[in-house]
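This report concerns only the one structure given below.
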Amino acid sequence: MNETSLPAATLVTVARGWTCAAAGALGGGLVLGVLTNLAQGWLHTPWDQIPNSGAVWSAVAFVAGALLARWASPHVVAVTGLLAEVGLVVGYYGYAEFGRGGMGDFAYPLVWLTLACVAGPLLGVAGSWWRRGHTARRRVIGLASLAGVFGMEGIHYAWVLHYTTQAWTCLAVVLLVSLLMARNRKERALALSAAAAFSLVAYAAIQLPLLYFSA
């Protein structure tokens with residue numbers, strides 16, 4: 001049965017649900033974006049980089065997708081993940097502009113908005129696949145996607161910034177996500193292996209171009 005054959009009252013209910021999900025994702029992203037900006041002032045260097053790291057922000061879209069997995073279609077989940085990430089960027093740089101006296105180079109918000117448009121839908125769907133995936137393959141890919149972005153951050157901390165403690169922290173997250181969130185022993189092994197591969201791919205595709213851009 002497609003949506004056009006549903007009763008009008010049901011369509012209204014579905015539309016309201018989608019609207020609430022979209023508003024919640026965007027509003028939650030805005031609030032978290034402001035909080036991550038504030039957290040940079042609360043934490044000392046180098047821990048002040050953690051709140052607004054790409055991995056932490058990507059986890060927001062993953063959680064949004066997992067929460068909506070029971071009733072939302074993949075398209076709705078993808079849009080919700082997108083809105084959550086866009087909200088983070090707008091909240092972060094909006095507070096930087098109006099609460100801290102300026103966001104600086106306007107190119108940086110555009111870069112992060114571009115990344116949000118990619119990471120948001122992908123991590124949103126990944127969260128949905130992990131929560132409600134009907135095959136082990138989907139569940140493993142969803143879980144490894146989340147672990148992989150933390151692996152990417154760990155490589156960056158270890159190789160470029162030389163922040164040993166932060167690198168080990170990201171590695172611990174990779175292990176915990178892969179081992180504790182998988183359903184069984186086989187999926188744990190597959191998720192950990194896939195997370196290692198995803199970490200390297202994400203680093204080459206995202207972090208290396210960002211290093212070139214910021215140089």
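Heavy-atom basis, side chains included; hydrogens, waters and symmetry copies ignored.
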Report task. Could you check Val149 against Ile206 for side-chain contact (heavy atoms from CB on, under 4.5 Å), going step by step and ending with a plain yes or no? Result -> CA-CA 10 Å; Val149 292; Ile206 298 174; over 6 Å; no
When hydrophobic residues are tied together by side-chain contacts of less than 4.5 Å, even through go-betweens, does [X] share a cluster with [Y]?
| X | Y | result |
| --- | --- | --- |
| Val201 | Leu190 | no |
| Tyr108 | Tyr95 | yes |
| Leu35 | Leu88 | yes |
| Phe98 | Leu113 | no |
| Val140 | Leu200 | no |

_Going by side chain to side chain contact (heavy atoms under 4.5 Å, CB included), name the residues that satisfy it together with Ala39, two or more places apart in sequence or in a different chain._
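Partners of Ala39 under the side chain to side chain contact (heavy atoms under 4.5 Å, CB included) test: Trp42, Pro51.
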Side-chain touch [X]/[Y], heavy atoms, less than 4.5 angstrom:
| X | Y | result |
| --- | --- | --- |
| Trp57 | Val89 | yes |
| Ile141 | Arg137 | yes |
| Ser199 | Ile155 | yes |
| Glu153 | Gln207 | yes |
| Leu26 | Val90 | no |
| Leu32 | Val60 | yes |

Separation of [Y] [atom2] from [X] [atom1] (nearest 0.5 Å):
| X | Y | atom1 | atom2 | answer |
| --- | --- | --- | --- | --- |
| Ser53 | Tyr157 | OG | OH | 5.0 Å |
| Leu171 | Gln166 | CG | CD | 13.5 Å |
| Leu110 | Leu115 | CG | CG | 11.0 Å |
| Leu122 | Trp129 | CG | CH2 | 9.5 Å |
| Leu68 | Ser128 | CG | OG | 8.0 Å |

Which atom pair, heavy atoms only, marks the closest approach of [X] to [Y]?
| X | Y | result |
| --- | --- | --- |
| Gly120 | Glu85 | CA-CG, 3.3 Å |
| Gly65 | Val77 | CA-CG1, 3.8 Å |
| Ala116 | Leu82 | O-CD1, 3.9 Å |
| Ala147 | Ala195 | CB-CB, 3.6 Å |
| Arg139 | Gly133 | NH1-O, 3.0 Å |
| Arg70 | Arg131 | NE-NH2, 3.1 Å |

Sequence neighbours excluded and cut-off under 3.5 Å, please list the side-chain donor-acceptor pairs for residues 172-181, or say none.
| residue | atom | partner | partner atom | Å |
| --- | --- | --- | --- | --- |
| Ser178 | OG | Val174 | O | 2.8 |

Run the numbers on Cys170 and Tyr163 for side-chain contact (heavy atoms from CB on, under 4.5 Å), then give the verdict. CA-CA 11 Å; Cys170 288; Tyr163 293 161; over 6 Å; no
Review point. Given Tyr203 and Val160, is the side-chain contact (heavy atoms from CB on, under 4.5 Å) satisfied, shown in steps?
Key: CA-CA 12 Å; Tyr203 187 83; Val160 177; 3.3 Å; yes
* Asked: Step by step, would you call Glu187 with Leu143 a side-chain contact (heavy atoms from CB on, under 4.5 Å)?
  -> CA-CA 10 Å; Glu187 290 188 19; Leu143 196 57; over 6 Å; no
Residue set satisfying ring pair (Phe, Tyr, Trp, His ring centres under 6.0 Å) with Trp168, at least two apart, ordered chain then number -> none
Using distance alone, with no hydrogens and no angle criterion, decide if Glu97 and Tyr92 have a side-chain donor and acceptor under 3.5 Å apart.
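Tyr92 and Glu97 do not have a side-chain donor-acceptor pair below 3.5 Å.
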Is the distance between the ring centroids of Trp130 and Phe62 under 6.0 Å?
-> yes
